[in-house]
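Worth saying up front: this structure is predicted, and the values here are computed from it rather than measured. Naming convention: chains lettered A, B, ... in sequence-line order (proteins, then strands); numbering from 1 in each chain.
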Amino acid sequence: MDMKEIEAKWQKKWEETGLYKFNKAKVDNKKYVLEMFSYPSGARLHAGHWFNYGPSDTYARFKRMQGYEVFQPMGFDAFGLPAENYAIKTGIHPQDSTLKNIATMEGQLKRIGATYDWDYEIKTCVPEYYKWTQWMFLQLYKHGLAYRKNAPVNWCPSCETVLANEQVIQGVCERCGTQVLRKDMTQWFFKITDYAEELLQDLDKLDWPEKTKMMQKNWIGKSIGGEVEFETTIGESFRVFTTRADTLFGVSYVVIAPEHPLVDKLTTPEQKAAVKKYIEDAAKIDEIERLSTNREKTGCFTGSYATNPVNGRQVPIYVADYVLASYGTGVVMGVAAHDDRDYIFAQKHNLSIERVIKSADGSPDELPFTDDGVLVNSGEFTGMTSAQARDAILTKLQEMNKGGFKTNYRLRDWLVSRQRYWGAPIPMVYCDKCGMVPVPEKDLPVHLPYNVEFKPSGESPLKKCDEFMNCTCPQCGGPAKRDPDTLDTFVCSSWYFLRYPDPKNDKEPFNSEWINKMLPVDKYIGGAEHACMHLLYARFFTKALRDMGYLKFDEPFLSLVHQGTILGPDGFKMSKSRGNVVSPDDSIQKYGADIFRVYLEFCFSYIEGGPWNESGLDAIQRFFDRIERLVTKCYEISYVDKPFGKDEKELNFVRNNTIKMVSQDLETFSFNTAVARLMEFVNGMMVYDQAVKEKSVLFKDCVEDLVKLLAPFAPHFAEELWEMLKKPYSVFNQSYPVFDPAALVRDEIEYAIQVNSKIRSRLVISKSASKEEIEEAAIKELGVDKASVKKVIVVPGRLVNVIM
RNA sequence: GCCGGAGUGGUGGAAUUGGCAGACACAAGGGACUUAAAAUCCCUCGCCCUCAAAAGCGUAUCGGUUCGAGUCCGAUCUCCGGCACCA
């Protein structure tokens, strides 16, 4: 069969007959199946795209044949850094390269033969889309969920530009090798932390992989503890967050983050030079390095002291880079006797180490002793357990107005400003008279200008574009400036699933009534690398829009599946620099889209992925050939209507077992085993074909079932086979086969017989045998003395274990 | 470093979630058909010992729980994803 010819033939027919057009009238029976959209950085689809989209389409077709009205859209996450970097290197405008790449990828996606309804396509870089991304920003602003504050960026002093983390290689700029510094800039943030608790709690509602939920849980990082207020020798006070208030009497020092605003004031004249040097050095080290637990804990004395509110003791204040300004209060207390890190720090800086906890059960408790225990040397709290003391001490602090109970989250607010060109402009205006003014919704979109110098030179590219920057103030009509930054592309992808069902709406981002019927997404499919960021941001947007009254659901993605990564043939992640990127184009040219898709489904575990190796393609080709021979034979021969004999019973068992297993496997995205089951079915039919001359009509039913079962996996091929069987178009309007439980019941079951957990024999016994009968038969089979048997374990349908 | 995964024949991968390890394939070897080749069909295929059978050993490493462990627990090693400006 010429696969390319039939692929073209059926794609044309599907298009002409509008087979996959989403029928809005059937929304009550919808399944919204969504794959994470493509990022058009490369010019062409690679093997990984196919691995995401091919099997997902098999799932979508399976659901369609089960009678659901499937909504499966496709689009492009088109803003982003790579297009801009490519432009800086080649001079090709990001818009031109992006739109060209999209056109190429659309063509390739159409060749997959997926059920995408292209009427619903979206591209985030067109004004019709980013107008609404800007609208989202304005809504968050109006509801107090967007604010500005200073935050550090990676700054290359030589290129005079802000660098993304990925552009900083071991602390230096990837372009020029200059040491990168952290520098503060005023930037926009979204207040995702307002939703920390709900984002954590609602994880329980989701049908997501446990590991993904665990990662989000740890990312949100809830910790229950308290705050303690310390007065300082300079008069200013600060608070520390701690989960170990029980150790408060043992505080030997406190540590403040180098970026903390109080550092300057706390530093005494004698210490000024040392602290300044320390802060400069800290600005060169990235956060991952700073938090590394096996790195030496450096620090520098500020010269000031803080007073412990519970015992009045004065302790030194240090600056140290292992404390981050962004977590907690940016100041921590050091309890040398009861924390590993603090113990090492105190030893190094000759600070006091005082025990305030001993083990509750008298077990050895050398310092540092980090477990809970019983308090000693702690005034009125001495003798309490750690848990009691935490409660009592925080209560006391509350009474003293020096702190109290506090829950902290590791989650930080989301920084959305980017000093880049290729993104959605931030719809804010700065007027000398009126200050910061949001762009009125009627004036959206704020167009991204085409003619801009986007080469790095000290400022956001848009800042150099006068026609963009200069505007009139929407409030007073006077001259004003626009915000020169663009939005993080994660903002675009945090709401795209809401736009898909209503992509041409030019009055609003989506029609609420309609979107509340179409969402949540029933099945979301994409890489595990998005576990913490994209998936958390999308959940935050959904909850925020719900609270604004636009949505009636709490979670965007009810069920989530991660596909694995297809690695290069060398076992490493595919990358241009490594030169191991595999293009699927040659394989598709040779074998066709269906064989390629089934190959991906069969030869990899969908969840795991693995290294590319195309030796399996020939195997799938042979599998298809065997099916074609079966179908050809099926409509050439005649059948007899006869009662089921042994061969028919066996064939019918395989048929129904296949239906059951394939359906189960598709629900769990176990495509490899589903294809294996189809192979077993084909093998079973071949055995029957050879064994039986006068074929039962069952054989014909089996062939028809096979074509239907195969259809989601190999859509063009199955459509062609369906036509060969002289059946009416289309196989996708058929119901997916349903298994008959009666056909799966076998009269006799084989048990493995173990003696002391080692297999010694086998036993075939009627399925209706009782537990006692099975025990009896097993002992008889072994020929052992019943008196020497200690115990018999029967696992129904599996094995018998006789303990002697 | 921290968080989350993974490690099973020569290879890709299965294993009803604590119950017969290696389904289904690939590769390899042998055979049938053929003048020959291709295609197709049949057989063998974890290791060790053996003519063969049986026994024994086997799921990264070491230890544990259990009648029974690839699966659970503890430790170790290696690899992968993420770590907030790649998306």
Side-chain angles (χ1 to χ4, degrees), chain A residues 36-39 41 77 79-82 85 151 153-154 162-168 187 192 209-219 221 286-295 326 410-420 488-490 492-493 526-534 536-537 562 564-565 567 571-573 602-605 607-611 613 615-620 622-623 625-626 629 661 664 670 672-680 683 686 690 750-754 756-759 762 790-803:
Chain A
M36 289 180 184
F37 57 178
S38 290
Y39 181 71
S41 67
D77 189 13
F79 276 136
L81 183 64
N85 285 342
V153 294
N154 299 311
V162 174
L163 298 178
N165 285 342
E166 81 160 1
Q167 297 175 294
V168 182
Q187 312 198 64
I192 189 172
E210 282 309 315
K211 67 160 191 168
T212 309
K213 293 203 241 180
M214 183 57 71
M215 280 190 271
Q216 286 211 352
K217 189 181 165 208
N218 292 336
W219 184 267
D286 70 77
E287 252 176 43
I288 291 173
E289 177 74 3
R290 275 171 68 166
L291 291 174
S292 169
T293 49
N294 67 349
R295 182 170 150 263
S326 55
R410 178 162 282 107
L411 183 70
R412 300 180 207 159
D413 279 337
W414 171 16
L415 196 171
V416 295
S417 296
R418 296 292 182 271
Q419 294 72 42
R420 301 189 195 290
D488 178 8
T489 52
F490 273 126
C492 309
S493 58
E529 65 274 20
H530 293 292
C532 289
M533 305 186 69
H534 161 63
L536 205 54
Y537 296 151
H562 294 306
T565 314
L567 307 171
F572 291 100
K573 200 174 175 177
F602 180 64
C603 292
F604 299 88
S605 152
I607 310 294
E608 299 296 326
N613 167 3
S615 68
L617 279 162
D618 285 319
I620 306 300
R622 283 200 286 273
F623 175 52
D625 290 346
R626 281 206 297 280
R629 283 200 296 277
M661 298 310 288
Q664 265 179 24
S670 306
N672 53 350
T673 51
V675 175
R677 297 287 98 84
L678 290 174
M679 287 173 169
E680 281 173 349
N683 293 344
M686 307 280 265
Q690 291 198 342
E750 191 190 69
Y751 279 80
I753 304 180
Q754 298 183 326
N756 295 336
S757 308
K758 299 231 179 225
I759 291 168
R762 299 196 165 270
K790 266 201 223 155
K791 190 179 168 189
V792 183
I793 294 152
V794 178
V795 182
R798 308 291 293 179
L799 58 75
V800 184
N801 191 2
V802 181
I803 312 300

Study note, to complete from the structure: Testing rA87(B), rC26(B), rC83(B) for proximity to the side chain of Ala619(A), the answer is rC26(B)
Review point. For Val153(A), which contact category applies under a 4.0 Å heavy-atom criterion: base, sugar-phosphate, or nothing?
Key: base
Review point. If the P atom of rC48(B) is compared with that of rA36(B), how far apart are they to the nearest Å?
Key: 36 Å
Check your understanding: With Trp219(A), which of Met214(A), Met533(A), Arg410(A) fulfils side-chain contact (heavy atoms from CB on, under 4.5 Å)?
Key -> Met533(A)
Check your understanding: Can you check whether Ser417(A) has a side-chain N or O nearer than 4.0 Å to OP1 or OP2 of rC85(B)?
Key -> no
Point to revise | Side-chain N or O of Asn801(A) closer than 4.0 Å to phosphate OP1/OP2 of rG19(B) | key: no
Check your understanding: Does any N or O in the side chain of Tyr751(A) come within less than 3.5 Å of the main-chain N or O of Arg762(A), such that one atom is a donor and the other an acceptor?
Key -> no
**Study point:** rC2(B) and rA75(B), which share atom name P, separated by this distance in whole Å
**Key:** 13 Å
Point to revise | For atom CZ of Arg410(A) and atom C1' of rC3(B), their distance in whole Å | key: 9 Å
Check your understanding: Is there a donor and acceptor pair closer than 3.5 Å between the side chain of Glu287(A) and the base of rC2(B)?
Key -> no
Point to revise | Met661(A) CE - rC24(B) P separation (whole Å) | key: 13 Å
Review point. If you measure from the P atom in rG4(B) to the same atom in rC72(B), how many Å do you get, rounded?
Key: 16 Å
Practice item. Can you tell me, in whole Å, how much space there is between the C1' of rG7(B) and that of rA87(B)? Key: 29 Å
Practice item. Indicate, with a heavy-atom threshold strictly under 4.0 Å, whether Phe490(A) touches base, sugar-phosphate, or nothing. Key: base
Practice item. Examine rA87(B): is either OP1 or OP2 under 4.0 Å from a nitrogen or oxygen in the side chain of Thr489(A)? Give yes or no. Key: yes
Check your understanding: Pick the nucleotide of RNA chain B nearest each of Met679(A) and Leu415(A); which residue has the one closer to the 5' end?
Key -> Met679(A)
Exercise for review: Carefully, step by step, assess Lys213(A) and Glu210(A) under the rule salt bridge (charged side-chain N to carboxylate O under 4.0 Å, His left out).
Suggested key: CA-CA 5 Å; Lys213(A) 293 203 241 180; Glu210(A) 282 309 315; 3.6 Å; yes
Exercise for review: Ignoring backbone atoms, establish whether Arg290(A) has a side-chain N or O less than 4.0 Å from OP1 or OP2 of rC2(B).
Suggested key: no
**Study point:** Side-chain donor or acceptor of Asp77(A) paired with backbone N/O of Phe37(A) under 3.5 Å
**Key:** no
Exercise for review: State whether a side-chain donor-acceptor pair under 3.5 Å links Asn801(A) with Ser757(A).
Suggested key: yes
Exercise for review: Ignoring hydrogens and angles, answer whether the base of rC85(B) and the side-chain atoms of Gln419(A) contain a donor-acceptor pair closer than 3.5 Å.
Suggested key: yes
Exercise for review: Using the P atoms only, state how far rU8(B) lies from rU71(B), rounded to an integer number of Å.
Suggested key: 13 Å
Review point. rC85(B) phosphate, OP1 or OP2: any side-chain N/O from Arg418(A) under 4.0 angstrom?
Key: yes
Practice item. Using only side-chain N and O atoms of Lys791(A), determine if any of them is under 4.0 Å from OP1 or OP2 of rG68(B). Key: no
Practice item. Could you check whether Met214(A) gets within reach of a base, just the sugar-phosphate, or nothing at all, counting any heavy atom under 4.0 Å? Key: sugar-phosphate
Practice item. With the side chain of Asn165(A) defined as its heavy atoms from C-beta on, choose the nearest nucleotide among rC86(B), rC26(B), rG13(B). Key: rC86(B)
Practice item. Answer with base, sugar-phosphate or nothing: what part of the nucleic acid does Arg629(A) contact at a heavy-atom distance below 4.0 Å? Key: sugar-phosphate
Revision key, fill the gap. Nearest heavy-atom approach of Gly616(A) to Cys603(A) is CA-SG, 4.1 Å
Review point. When the nearest nucleotide of RNA chain B is assigned to Asn154(A) and to Arg626(A) on a heavy-atom basis, which residue is associated with the more 5' position?
Key: Arg626(A)
Review point. Which of the following nucleotides, rC85(B), rA6(B), rA84(B), is nearest to the side chain of Arg412(A)?
Key: rA84(B)
Practice item. Assign Leu411(A) to base, sugar-phosphate, or nothing according to its heavy-atom contacts below 4.0 angstrom with the strands shown. Key: base
Exercise for review: Determine whether Leu81(A) and Gln167(A) make a side-chain contact, defined as any pair of heavy atoms from C-beta on separated by less than 4.5 Å.
Suggested key: yes
Practice item. Looking at every strand, decide which applies to Glu210(A) at a 4.0 Å heavy-atom threshold: base, sugar-phosphate, or nothing. Key: nothing
Exercise for review: May I ask you to say what Asp625(A) touches in the nucleic acid, namely base, sugar-phosphate or nothing, with a heavy-atom cut-off under 4.0 Å?
Suggested key: nothing
Exercise for review: Using a heavy-atom cut-off of under 4.0 Å over every strand shown, decide if Leu81(A) touches base, sugar-phosphate, or nothing.
Suggested key: sugar-phosphate
Practice item. Would you classify Phe623(A) as touching base, sugar-phosphate or nothing, given that sugar-phosphate means primed atoms plus P, OP1 and OP2, and contacts are heavy atoms under 4.0 Å? Key: nothing
Review point. With rounding to whole Å, what would you report as the distance between rA25(B) and rG46(B) at their P atoms?
Key: 16 Å
Review point. Within the pair Asn613(A) and rA27(B), is there a side-chain N or O less than 4.0 Å away from OP1 or OP2?
Key: no
Exercise for review: For rG12(B) and rG22(B), measure between their C1' atoms and round to the nearest Å.
Suggested key: 13 Å
Review point. If the P atom of rA39(B) is compared with that of rC45(B), how far apart are they to the nearest Å?
Key: 24 Å
